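Heads up: the structure comes next, in structure tokens.
These numbers come from a predicted model, not from an experiment. Lettering follows sequence order; numbering is per chain, from 1. Values below: every heavy atom of this structure, side chains too, minus hydrogens, waters and symmetry copies.
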Protein chains: 2
Amino acid sequence: MPDATAKKKPSRIQRRNRRVILDAALDVFSSYGFRGATLDQIATEAGLSKPNILYYFSGKEEIHTTLLSQLMETWLDPLVELDALGDPRTELLDYVQRKLDMARDLPRESRLFAGEILRGAPHMGPRLQSDLKPLFDEKCAVIAAWMDAGKIARMDPRHLIFSIWSTTQHYADFAPQVALLLEGDAEQHQQASDHLRLMFSTLLTPAAPEQ
Amino acid sequence: MPDATAKKKPSRIQRRNRRVILDAALDVFSSYGFRGATLDQIATEAGLSKPNILYYFSGKEEIHTTLLSQLMETWLDPLVELDALGDPRTELLDYVQRKLDMARDLPRESRLFAGEILRGAPHMGPRLQSDLKPLFDEKCAVIAAWMDAGKIARMDPRHLIFSIWSTTQHYADFAPQVALLLEGDAEQHQQASDHLRLMFSTLLTPAAPEQ
DNA sequence: GTAAATTTTTACCATTTGGTAAATCCACGA
DNA sequence: TCGTGGATTTACCAAATGGTAAAAATTTAC
């Protein structure tokens, strides 16, 4: 007896078109926000007709929600990789680097996320609670343990993470401003990487315990 | 012979209603973005009718532009106050504090600004170029001079400023996320202040030159 | 107090937008 | 090759939205 709720596995066309639509939607939503984006824009960008898009998704909101759901995993991944058993300094500095690389490689995703939080997370509140919160608490505990062991300087782990998030994502979310102020500088990413490495490296170094 | 382009000074009613409209618009634009905001929302929030609002402003865009223009001055003020003649450490740490206080006291303004940049600064590009850029360059030179004099640790002043902007504004722009992750913590602002003071204090301290 | 100017309301309008119904097209297995 | 179910298009629609015209109400100047 087949499960009444079972979904048939999607056809090749289904998979391709859903992917195309989501990619177009990422472009449009990240550029104009949820309310600013229109189905016509997404349809044009995807090379499909509007009703055809609504054949694959029940509505504008479902596209947006699907995008945010998929994004969440990617977004949290760098933090997931933070290893309690690794060297504290290396782990944290590598985390900064991964987040910065993500800002460069996935700016659309960064802006989509930023826009959603900026508007009060109307479509993502529950997911933040269920996915982000436990992970955040867990990693804060790891960092706190490292501090207790004297491996890195003592501070509030939560605000340390906020500082890592904000400084790295700034390069994606405020890219037009950064580009204007750094005008023509081709080495942007390397500069940012060097700066953040210096900053967090200095910050994490525990005050010399000797003497 | 009176100047044909001269504007009569606005009446009491004019001043009051323009102020009421801009305040309502700040609420709505900062919550929903330019495209997401509607004139009806602004009108309701302001307690006026939609056509009445259009008596004071030529359209939705003019309200938004006016808001951004007014905001720019407020926004740049903390940086303007950075005094080349003051003590470098104190000046920079005070700057961080002023920006953090602004994130707490003017979250709507912070979100309005963030949203505009996030969408590629469609209504603010020229102002960034004309107002922000020169100020930024000037203060970068000041900071560079401090570094040359060995008063603070050497680093890229431009990325230092980015780090100050991002870490402080994060508390306004990502407030829902911060609130969720810090849940119920009443001391948020003081914690953030302490953390950022520690962070930038450590960062700016020049490596001991002796030995 | 009254006329002129300013302010506000009422009644609209054209366009855009998210979404639907139904007809048509087309890929694919028998 | 033909029929069937999935995929796509055409032709719509109702609501929302930015904006306007002109009448009505109110304030201001004399």
Shorter than 3.5 Å, N or O on both sides, protein versus nucleotides 22-26 of chain C: list them out with atom names.
none

Check whether any side-chain nitrogen or oxygen of A:Q14 sits under 4.0 Å from OP1 or OP2 of D:dG6, and answer yes or no.
no

Quick test of your reading of the model: are A:D101 and A:R104 salt-bridged, counting only N-O distances below 4.0 Å?
yes

Is there a donor in the side chain of A:S193 and an acceptor in the side chain of A:Q97, or the other way round, less than 3.5 Å apart?
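Note: A:S193 and A:Q97 side chains meet the donor-acceptor criterion.
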
Establish, from distance only, whether the side-chain atoms of B:R89 and B:S201 form a donor-acceptor pair under 3.5 Å.
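Side-chain D/A pair, B:R89 to B:S201: present.
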
Pairs satisfying side-chain hydrogen bond (donor to acceptor under 3.5 Å, both in side chains), at least one member in residues 19-31 of chain A, at least two apart:
A:D23-A:R108, A:D27-A:R108

Please give, in whole Å, the distance from D:dA7 C1' to A:I21 CD1?
11 Å

Aromatic B:F57 / basic B:R18 pairing, under 6.0 angstrom, 45° off normal
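Ring-cation test returns yes.
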
Go through the structure and list residues passing side chain to side chain donor-acceptor pair (under 3.5 Å) with B:T90, not counting sequence neighbours.
B:D87

According to the ring pair (Phe, Tyr, Trp, His ring centres under 6.0 Å) rule, which pairs have a member within residues 76-117 of chain A, sequence neighbours left out?
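Qualifying pairs: A:W75-A:F113.
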
What string of B, S and - do you get for nucleotides 8-19 of chain D 5' to 3' if you count protein non-hydrogen atoms under 4.0 Å?
BBBB-----SBB

For residues 43-56 of chain A, which side-chain donor-acceptor pairs fall under 3.5 Å, sequence neighbours excluded?
unit_1: A:T44; atom_1: OG1; unit_2: A:D40; atom_2: O; d: 2.9
unit_1: A:S49; atom_1: OG; unit_2: A:N52; atom_2: N; d: 3.3
unit_1: A:Y56; atom_1: OH; unit_2: A:N17; atom_2: ND2; d: 2.9

